[in-house]
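Below: the structure, in structure tokens.
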Protein chains: 2
Amino acid sequence: MLLAIGYFSYYRLSTVDNQLITSFTEENYLKIIYLLTERHNGNEVSTNQLAEHTQTKAASVSDMLRKLAEKNYINYRKYQGVTLTEAGEQIALGVIRKHRLWEVFLVEKLGFGWDEIHDIAEQLEHIDSKELTKRLDDFLENPKFDPHGDPIPDAKGKMPSVSYQKLSEIPLNQSVVMMGVSVHSPAFLQHLDKQQITLGCDLKVLEISDFDKSYGLLLNNKIRLFVSNEVARNLLVQVSNA
Amino acid sequence: MLLAIGYFSYYRLSTVDNQLITSFTEENYLKIIYLLTERHNGNEVSTNQLAEHTQTKAASVSDMLRKLAEKNYINYRKYQGVTLTEAGEQIALGVIRKHRLWEVFLVEKLGFGWDEIHDIAEQLEHIDSKELTKRLDDFLENPKFDPHGDPIPDAKGKMPSVSYQKLSEIPLNQSVVMMGVSVHSPAFLQHLDKQQITLGCDLKVLEISDFDKSYGLLLNNKIRLFVSNEVARNLLVQVSNA
DNA sequence: ATATATTTTTAGATTAGTCTAAAATTTTGT
DNA sequence: ACAAAATTTTAGACTAATCTAAAAATATAT
């Protein structure tokens with residue numbers, strides 16, 4: 001809600017009868033519940049997991065879950081974990097859409113590296129303006145994926161389904177295209193940068209070392225390199241259709 | 001402060017020992033104090049004025065002033081109003097810089113009208129990233145003024161001084177250039193749009209009506225039109241040097 | 001110059017989101 | 001299957017930012 005009197009004005013979170021409709025905090029919880037549920041193929045998310053990912057204590061999470069359940073954003077049975085209701089999922093997807101669109105903006109328009117954008121997008125994802133999101137989407141030419149390869153939910157609140165495999169699950173000598181990463185830490189992304197592993201590059205597993213289970217790869221049909229098992233498990237790829 | 005564990009992360013306002021360094025609320029108070037002080041040519045801002053512009057009660061303002069004074073962001077003598085300290089002014093100018101840069105972005109890049117951007121900029125001005133502000137500034141080609149003609153403080157925290165006059169103070173038949181507005185309400189801005197009065201246009205006062213003190217103008221040396229006294233007092237202009 | 005009106009501050013309460021400690025529930029291991 | 005371990009919830013407390021009502025200070029008006 002924007003309050004304007006005379007020349008200036010003052011932004012406060014939207015309220016109805018002095019109660020927040022959806023606070024930043026609630027949005028964060030819903031987003032994290034969505035992402036963790038997705039990761040578990042739709043299974044409930046536990047209180048402790050949420051405490052870990054929100055950087056709070058389990059007691060605080062319990063309180064918030066009670067509140068989110070009251071607002072019908074989550075399905076919550078005590079001690080049994082939570083899933084999102086349709087309403088909760090729509091809020092989560094809206095936040096994720098904004099997060100990923102802003103990430104595209106930061107990389108494509110402002111020239112940030114894919115390892116530098118997460119913190120900023122964590123803030124921008126809470127900016128509340130339907131029209132802004134729409135215009136930003138058009139300005140960016142309606143991107144379908146963010147700079148980490150994650151799909152961007154559409155304006156109607158639908159998450160495109162993607163089916164990537166881990167590089168570690170691909171048979172030897174199968175050509176694949178690098179489509180995403182399952183870890184977004186700056187350290188991991190910078191590590192990939194140093195080896196010129198980028199979204200869209202061609203990869204082929206030539207061997208898996210007996211010594212340390214590292215992966216010997218052929219990059220873009222030219223460059224031979226080794227990546228650790230850890231790296232191979234966090235690269236998301238798709239079998240080339242060419 | 002961004003907290004990251006594993007795949008996700010979670011944004012909370014920056015804290016030191018669990019105390020906010022500068023909350024959105026504090027930033028808003030400091031910004032409003034700056035703008036009101038500027039309007040009064042450096043005189044103290046009163047509690048009631050702040051209550052009006054923050055849309056809160058005087059009691060709440062008193063509390064906040066005590067807190068801001070404790071942090072040495074304002075000079076506060078009870079019952080005597082406040083001014084900003086150097087530290088407080090730097091925070092205010094940082095917020096105003098971001099606000100105005102984002103306004104340029106919204107108009108120049110996303111095609112918003114100058115009457116639609118204020119509410120969104122009120123949110124964006126609190127995004128906390130030095131690097132983002134720097135890159136946004138470059139992306140916009142280091143604009144010196146926002147879409148309302150207000151000067152943009154530089155990265156060092158210096159507000160450019162501008163000296164505009166109200167159209168209502170300009171002698172008859174003096175050619176001037178429209179440089180800004182002293183009211184930012186959508187209604188006023190849309191009213192100007194309808195008469196094709198835009199930043200940079202040429203204006204000349206041909207007459208002031210005896211009947212209703214309205215202003216008969218020549219716009220861009222072509223179009224004759226009348227604007228109310230109220231409009232003339234809120235148009236900021238500069239004598240043409242051509 | 002002093003009574004009245006206005007402005008500002010203080011006192012005490014409320015809400016969102018967090019915490020620690022303790023109680024309740026579920027899971028695990030033998 | 002049941003005791004021990006782990007997880008989750010509840011209870012009670014704290015902080016930031018707000019509120020209303022009352023007290024204190026300042027300004028105003030005859």
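We name chains A, B, ... by the order of the sequence lines, and we start the count at 1 in each one.
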Is there a donor-acceptor pair under 3.5 Å between the side chain of B/His118 and the backbone N or O of B/Ser185? no
So, do B/Asn28 and B/Val95 sit near enough that their side-chain heavy atoms are less than 4.5 Å apart? no
Nucleotide nearest B/Ser46 (side chain, heavy atoms from C-beta), chosen from C/dT8, D/dT18, C/dT9: C/dT8
Rounded to whole angstrom units, what separation is found between the CG atom of A/Leu50 and the C1' atom of D/dT8? 12 Å
Side-chain N,O (A/Thr25) to OP1/OP2 (C/dA16) below 4.0 Å: no
Report each atom pair, protein N/O against N/O of nucleotides 20-28 of chain D, whose distance is under 3.5 angstrom.
from	atom 1	to	atom 2	distance (Å)
D/dA25	O4'	B/Tyr79	OH	3.4

Between C/dT18 atom C1' and A/Asn28 atom CG, what is the distance in whole Å? 14 Å
How many whole angstroms separate atom CE of A/Met64 from atom C1' of C/dA16? 8 Å
Under a 3.5 Å threshold, yes or no: a donor from one side chain and an acceptor from the other, between A/Ser214 and A/Asp212? yes
Would you tell me if any nitrogen or oxygen in the side chain of B/Asn48 comes within less than 4.0 Å of OP1 or OP2 on C/dT6? no
In whole Å, I'd like the distance from the CZ atom of A/Arg66 to the C1' atom of D/dT10. 10 Å
N or O in side chain of B/Ser62 less than 4.0 angstrom from C/dT10 OP1/OP2: no
Exam field: side chain B/Thr37 to backbone B/Gly42, donor-acceptor pair closer than 3.5 Å: no
So, are A/Arg135 and A/Asp138 salt-bridged, with charged N and O less than 4.0 Å apart? no
Using only heavy-atom distances, determine whether the side chains of A/Gln49 and A/His40 contain a donor-acceptor pair under 3.5 Å. yes
How many whole angstroms separate atom CD1 of A/Ile74 from atom P of D/dT8? 13 Å
CG of A/Asp210: more than 12 outside heavy atoms within 6.0 angstrom? no
How many whole angstroms separate atom CD of A/Gln49 from atom P of D/dA6? 17 Å
Whole-Å distance separating the CZ atom of B/Arg77 from the P atom of C/dT7: 19 Å
Between P of D/dA16 and CG of B/Leu68, the distance in whole Å: 12 Å
Of the candidate nucleotides D/dT18, C/dT18, D/dT8, which contains the atom at the shortest distance from the side chain of B/Tyr29? D/dT18
